[in-house]
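Report on the structure given below.
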Amino acid sequence: MKVVDILEAQESLEELIDELAPGEWFAIAVNGEPRVKVVALNEEEIEELLLEGS
């Protein structure tokens, strides 16, 4: 599990996301405590979300 501090995430969120393969994830920590999990979507999930937004 990769844990990234909130300040690092704010500075490089796009790069952190770009490094993920579908299903991979990292956590964002606040004050050293993991608080949020960011998970890369697979193609099916992306298509489903796009259809819901239409």
Side-chain angles (χ1 to χ4, degrees):
M1 167 174 82
K2 180 177 184 175
V3 179
V4 178
D5 182 74
I6 186 80
L7 295 176
E8 180 184 349
Q10 288 173 329
E11 293 174 1
S12 59
L13 186 58
E14 186 172 355
E15 291 83 11
L16 289 165
I17 291 170
D18 285 344
E19 294 174 0
L20 297 176
E24 290 186 335
W25 60 275
F26 65 88
I28 298 176
V30 178
N31 296 324
E33 180 180 327
R35 300 273 301 273
V36 176
K37 183 177 180 180
V38 178
V39 182
L41 302 174
N42 63 40
E43 290 297 321
E44 183 178 299
E45 293 168 318
I46 292 169
E47 289 180 24
E48 182 179 317
L49 288 171
L50 291 173
L51 288 174
E52 287 178 11
S54 299

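These values consider heavy atoms only, across backbone and side chains, with no hydrogens, waters or symmetry-generated copies. Fair warning: this is a prediction, and the values are worked out from it, not measured in the lab.
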Quiz item: Who pairs with E52 by side chain to side chain contact (heavy atoms under 4.5 Å, CB included), at least two apart in sequence or on another chain?
Solution: E48, L49

Under 3.5 Å donor-acceptor pairs involving side-chain atoms of residues 11-22, not counting sequence neighbours:
unit_1 : atom_1 : unit_2 : atom_2 : d
S12    : OG     : E8     : O      : 2.9

Quiz item: Any link between W25 and V4 through a network of hydrophobic side chains (Ile, Leu, Val, Met, Phe, Trp, Tyr) touching at under 4.5 Å?
Solution: no

Expected list for residues 37-47: side-chain donor-acceptor pairs under 3.5 angstrom, two or more places apart:
unit_1 : atom_1 : unit_2 : atom_2 : d
N42    : OD1    : E44    : N      : 3.0
N42    : OD1    : E45    : N      : 2.8
E45    : OE1    : N42    : N      : 2.8

Quiz item: Does one hydrophobic cluster hold both L7 and I28, with members joined at side-chain heavy-atom distances below 4.5 Å?
Solution: yes

Quiz prompt | Least distance between heavy atoms, G32 atom then P34 atom | solution = O-CD, 3.8 Å

